[in-house]
There are 2 protein chains.
Amino acid sequence: MIAEERRQRVLDLVSTKGFATLADLALEIQVSESTVRRDLEFWHQQGNLRRTHGGAIFVGDGSSFPALEERIDAQLEEKRAIARAAVGRICDGDTVLLDGGTTTLEAARLLLGRSIQVVTNSLPIAALLAGSRETDLVLLGGYIYPKTGVALGPFTVRMMQDLHVHQTLLSVSGLTERGLFNSNLLLVETERAMMRCADEVVLLADHTKVGRPALAFLCEWSEIDLLVIDRKLEDRKKSMLAQTGARLLIAGDLEEFGR
Amino acid sequence: MIAEERRQRVLDLVSTKGFATLADLALEIQVSESTVRRDLEFWHQQGNLRRTHGGAIFVGDGSSFPALEERIDAQLEEKRAIARAAVGRICDGDTVLLDGGTTTLEAARLLLGRSIQVVTNSLPIAALLAGSRETDLVLLGGYIYPKTGVALGPFTVRMMQDLHVHQTLLSVSGLTERGLFNSNLLLVETERAMMRCADEVVLLADHTKVGRPALAFLCEWSEIDLLVIDRKLEDRKKSMLAQTGARLLIAGDLEEFGR
DNA sequence: CAGATAACTATCAAGTTATTTCAATTTATG
DNA sequence: CATAAATTGAAATAACTTGATAGTTATCTG
């Protein structure tokens, strides 16, 4: 096994268990305790874990956002399908604005290496796309909301006054027949600006969000050009959505064949 | 086989497997390990691979910031000392602007958990501090320069017009008796704005940067309030710096006792 | 608090990988 | 075709990684 790989395994083991002893790690990876010590010391220097007597404990590596990590596996397959469907409508050379959220993060993964311009207020998405030579990235600045790592507030809104994009991929925490909702007042203010600077507003939402309102009202259905949703959507909810006049794209109905 | 073709095969093999050892490659392509080493070194220079002991691993286009990774170990101890000295001058409740760079990234690590307000145009620094509840974070938006993951350009500059901070911690790529230099024209433009919105401008630089100019002239010495530098600085260079009228803080002279 | 035990640090030897150097070969150039 | 330049492979030397050991320090237990 190569050193790099072993180091990664050490970090993975410690981070998944939260804590691990030297003996555990040495046994698991089949190397001497000396080597484990050196690897732990390495990660300690990097700031990814903290040494204790006999082992090491994981400290958040800073680049992760708890609110995102928790949700990251919920409806992952559905979110992937939604992202695939939405990204399928984006052409090379387009300019796309990506809102923060796990579904838009999946969309960003699919856009990696594509020759497009991306505008985003999401730190995780920016970190993902920043190194790419093909993708141009414009980051929206502002006050960073620590839970999810998105930029919010007046600075963010003002920066968008001079921007124009083909599409905005929007993320919300709930939607009812009245319209769309999100959990944070500053966030909906920012998202309204995102909608204003786009030719087309595309909402990405999985079926669990339908019928669930949230603290802050974002906008009515007429403001949305397209809703991309997964096919676990129940018929009752589907007809409710139909009544709002929203254009629907059910992810997974056709996209699966296009792979 | 032509050299060009062989090199391409080396890159292809490494990129498809993700990792390959020298022996693997030498056997596969039927050339000596010396040649493989030279090819790997070539791609490493190009930024497509990262060397490890015994082999090489492919670097995904988007995952990280190559320009940062390469430099990350060079003068690490000196940079830590410089960061420690600079951060020692920051009080709780202060507002600090952090420029991009490895030394300022180290400073950010030391600020983690401190109750201060941080403004930055650096994506790595933002990712590090974003999750912290104690530290308020304001991100400067703009066009992201892929090599180092910093926001640059008119958007960034304009956003700073409405900001005011106690300190700016600045990073440069070189400094001579004439003044400070950096490698990118947009970057120096952005850094000038960073200097304008601060009460105090603190320059972080290690000894290797002294006497080295770079493409773009940033400013004269009179614009800098304090230069924090490590103690490996040679006497000849030290006296040169003294002649510029710059206030010097040699890191490691006193800080070591304060641990 | 003392003794026992576990863990840490520093160091070394063995094995592996890098670097440097040089001669042979191939390729380019007049 | 002859010469210069570049490339390649091999060999020697240097540097690094790893596992083991001995002495030291920290933690636990009665």
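Because the structure is predicted, anything quoted here is derived from the model rather than measured. Chain naming here is simple, since letters A, B, ... match the order of the sequence lines and numbering starts at 1 in each. Because only heavy atoms are used, hydrogens play no part in the values below, and waters and symmetry mates are left out as well, while side chains stay in.
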Practice prompt. Would you jot down, in residue-number order, the residues of residues 12-32 of chain A having a non-hydrogen atom under 4.0 Å from DNA chain D?
Written response: A:V31, A:S32
Worksheet item: Under a 4.0 Å heavy-atom cut-off, which of residues 33-40 of chain B touch DNA chain D?
Response: B:S34, B:T35, B:R38
Would you find a donor on one side and an acceptor on the other, under 3.5 Å apart, between the side chain of [X] and the backbone of [Y]?
| X | Y | result |
| --- | --- | --- |
| A:T135 | A:R114 | yes |
| A:W43 | A:R7 | yes |
| B:T168 | B:L170 | no |
| B:D206 | B:E78 | no |
| B:N121 | B:A151 | yes |
| B:R51 | B:G55 | yes |

Less than 4.0 angstrom from a charged side-chain N to a carboxylate O is my criterion; do [X] and [Y] meet it?
| X | Y | value |
| --- | --- | --- |
| A:E106 | A:R80 | yes |
| A:R9 | A:E28 | yes |
| B:R38 | B:E41 | no |

Worksheet item: Counting only heavy atoms not in B:E220, do more than 12 fall under 6.0 Å of its CD?
Response: no
Tell me the interatomic distance from [X], atom [atom1], to [N], atom [atom2], rounded to whole angstroms.
| X | N | atom1 | atom2 | result |
| --- | --- | --- | --- | --- |
| A:F42 | D:dT17 | CZ | P | 11 Å |
| A:H53 | C:dT9 | NE2 | C1' | 11 Å |
| B:I2 | D:dA6 | CD1 | C1' | 13 Å |
| B:R51 | D:dT17 | CZ | P | 12 Å |
| B:E4 | D:dT7 | CD | P | 11 Å |

Discussion item. Does B:R212 qualify as a cation-pi partner of B:F181, given the criterion of NZ or CZ under 6.0 Å from the six-membered ring centre and within 45 degrees of its axis?
Written reply: no
Practice prompt. Quantify the bending of the helix from C:dC1-D:dG30 to C:dG30-D:dC1 as the angle between its end axes, each fitted on five pairs, to 10°.
Written response: 40°
